[in-house]
Number of protein chains: 2
Amino acid sequence: MTVSRVLRGRGDVSENTRDKVLAAAKQLGYVPNKIAGALASQRVNLVAVIIPSLSNMVFPEVMTGISAVLDETSLQPVVGVTNYLPEKEEKVLYEMLSWRPSGVIIAGVEHSDATRAMLKAAGIPIVEIMDVDGTPVDSMVGISHRRAGRMMAQAIAAEGYRRIGFMGTKMPMDHRARKRFEGFTEALAKEGIEVADQEFYDGGSALAKGREMTEAMLKRSPDLDFLYYSNDMIGAGGLLYLLEKGLNIPSEIGLAGFNGVELLQGLPRQLATMDACRSEIGRKAAQIIAQRCAEDGPDEPEAIELSPKISFGDTLKRG
Amino acid sequence: MTVSRVLRGRGDVSENTRDKVLAAAKQLGYVPNKIAGALASQRVNLVAVIIPSLSNMVFPEVMTGISAVLDETSLQPVVGVTNYLPEKEEKVLYEMLSWRPSGVIIAGVEHSDATRAMLKAAGIPIVEIMDVDGTPVDSMVGISHRRAGRMMAQAIAAEGYRRIGFMGTKMPMDHRARKRFEGFTEALAKEGIEVADQEFYDGGSALAKGREMTEAMLKRSPDLDFLYYSNDMIGAGGLLYLLEKGLNIPSEIGLAGFNGVELLQGLPRQLATMDACRSEIGRKAAQIIAQRCAEDGPDEPEAIELSPKISFGDTLKRG
DNA sequence: ATGAAAGCGCTAACAC
DNA sequence: GTGTTAGCGCTTTCAT
């Protein structure tokens, strides 16, 4: 009836009645039932955002980018967390789709068959984010982690480092870290360099792990002149350890991480790293969804590759 | 019809028909429409979780606790972020309530009148978390930040520190930090000590801010013998700065932060801090909601105060 | 400018 | 064990 019109600001309603309705609504503490609304209108202003983790420092920043854009629209993000588990991803997606969201933003391009099938069948805009090394279901925005690994390898080799160690997370969990590693070793190989030592961790405080792994690795392979870490947190741990040991950075030994986490500005030395364009990814993804939801002419799927930039900090340029 | 029964595993259905239905459902890629289901059954398996921020390190951990418990039930968390803005909190809550969730977990006990009114009127279990210094709408689980501040003050005084500086976030944004500060100054006053210097920041990388503020404060008040930081991140920045300067910690100058963030294990010295019981808070809150949703006899509101513990690390005990 | 009526896709209660 | 029916609280369309 008229009330519905008022509450949504649609249709022609006289000033008078509008005021009355609004007053009554506030008076009663009326909160519209979106469930009924959504069922009737077949429209839901929710965007499902599916990410592996919140405690990662990288996804909150993606979320910020998404929210910033979605706040300008009537769309709302709803996040689901998979803990890097494909089965959980499947479950979470299923749950979210059963609420018929207007779009899906999902991390990564690696999904189970069932997940891909659901995404395809959903009939709503899908944006896979973070990574562009793969075939998207629909749209995709991210960086090439393989290329990021290569870039870092080239920069390191260009500075003359030759005995290189690698530390990172256990790979099966994290496709993007794996791709960076692959790109890294591949580019080094082109220079005739092999990764001299490597170690992988799993769980625990990243800073402490970085410290421990660095100590262990240097004990094992004292001749290393560069350490590449798959994320900034363990890199920071390594940096602190090396500084304590009094090693000369970056001349004696160089370091680099990955992510460009702002959090770490303030370390004794600025760790070399690479920006993963996190908030830009979030913004672009949200824009794609918003556009597709709003526009009349159904746009084409987009595939956007952002360019990560190396920041040399104080730990890579030998000068 | 029967299909509905099968999909929900309710009622008596023959093996045979069940199999047929399930097969057909999978075949068609059928995803049930929860909107319709919820409307018909007047039940929604969603729990609204409203927190100020994700990039804080503290809330992801609370979320983990909540998820851990809710995963055992049919309930699902849906998070909304307020950025410490009361108006945004109001908006987010309104949006979430319009989906008729089964319960609400919301950070803090300070809310606008409208927010409190909505919470009261919602007719669902409400748990206010993090902080118990205030009057809850319904249930509440957290720590007393005022008491936490007092405890730290007492510990510091007991070690013989007398010239104490404080650094923290700009307070209006963060009631809990404010309460800690109040408790802190109050307990110091009892010992006849006044906070000798203080400084507040806003935005930026916490580690870098901690470093900068510490430098500035020590330049201003070189005679300080203790620095209390309202969070571990800025405390870590300060610690790194002091270590570089070659000050003797904790004999020359002591330090303490707040939160017990695991992230920071691996610093050259372990920063004294206080555990905020974050994941325990999440678990307890989720349990209360789950219980209230499941049980028949409607339980009473609970008010649970957890006890934070001081960890002295390497920066507080003069020994 | 306003009211009436027909669903949206399910669940729940009741027949069969 | 299975089919039937009447809503859930809105939006939408069509009359008035």
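Heavy-atom basis, side chains included; hydrogens, waters and symmetry copies ignored. Throughout, a chain's letter reflects where its sequence line sits, starting with A, and its residues are numbered from 1.
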What is the distance from [atom1] of [X] to [atom2] of [N], rounded to the nearest Å?
{"X": "I35(A)", "N": "dC8(D)", "atom1": "CD1", "atom2": "P", "answer": "14 Å"}
{"X": "N16(B)", "N": "dT2(D)", "atom1": "CG", "atom2": "C1'", "answer": "13 Å"}
{"X": "N33(A)", "N": "dC8(D)", "atom1": "CG", "atom2": "C1'", "answer": "8 Å"}
{"X": "R18(A)", "N": "dT2(C)", "atom1": "CZ", "atom2": "P", "answer": "10 Å"}
{"X": "W99(B)", "N": "dC10(D)", "atom1": "CH2", "atom2": "P", "answer": "12 Å"}
{"X": "R100(B)", "N": "dT11(C)", "atom1": "CZ", "atom2": "P", "answer": "19 Å"}

Side chain of [X] only, please: which of [options] is the nearest?
{"X": "S14(A)", "options": "dG9(C), dA1(C), dT2(D)", "answer": "dA1(C)"}
{"X": "L39(B)", "options": "dC10(C), dG9(D), dT2(D)", "answer": "dG9(D)"}
{"X": "Y30(A)", "options": "dC10(C), dC10(D), dT2(C)", "answer": "dC10(D)"}

Any side-chain donor-acceptor pair under 3.5 Å between [X] and [Y]?
{"X": "S144(A)", "Y": "D133(A)", "value": "yes"}
{"X": "S67(B)", "Y": "T64(B)", "value": "no"}
{"X": "H145(A)", "Y": "R180(A)", "value": "yes"}

Given [N], is OP1 or OP2 found less than 4.0 Å from the side-chain N or O atoms of [X]?
{"X": "R43(B)", "N": "dA12(C)", "value": "yes"}
{"X": "S4(A)", "N": "dC10(D)", "value": "no"}
{"X": "S41(A)", "N": "dC10(D)", "value": "no"}
{"X": "Q42(B)", "N": "dG9(D)", "value": "yes"}

Q) Is it true that K88(A) and D71(B) make a salt bridge, defined as a side-chain N closer than 4.0 Å to a carboxylate O? A)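 Looking at D71(B) together with K88(A), the answer is yes, because their closest N to O distance falls below 4.0 Å.
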
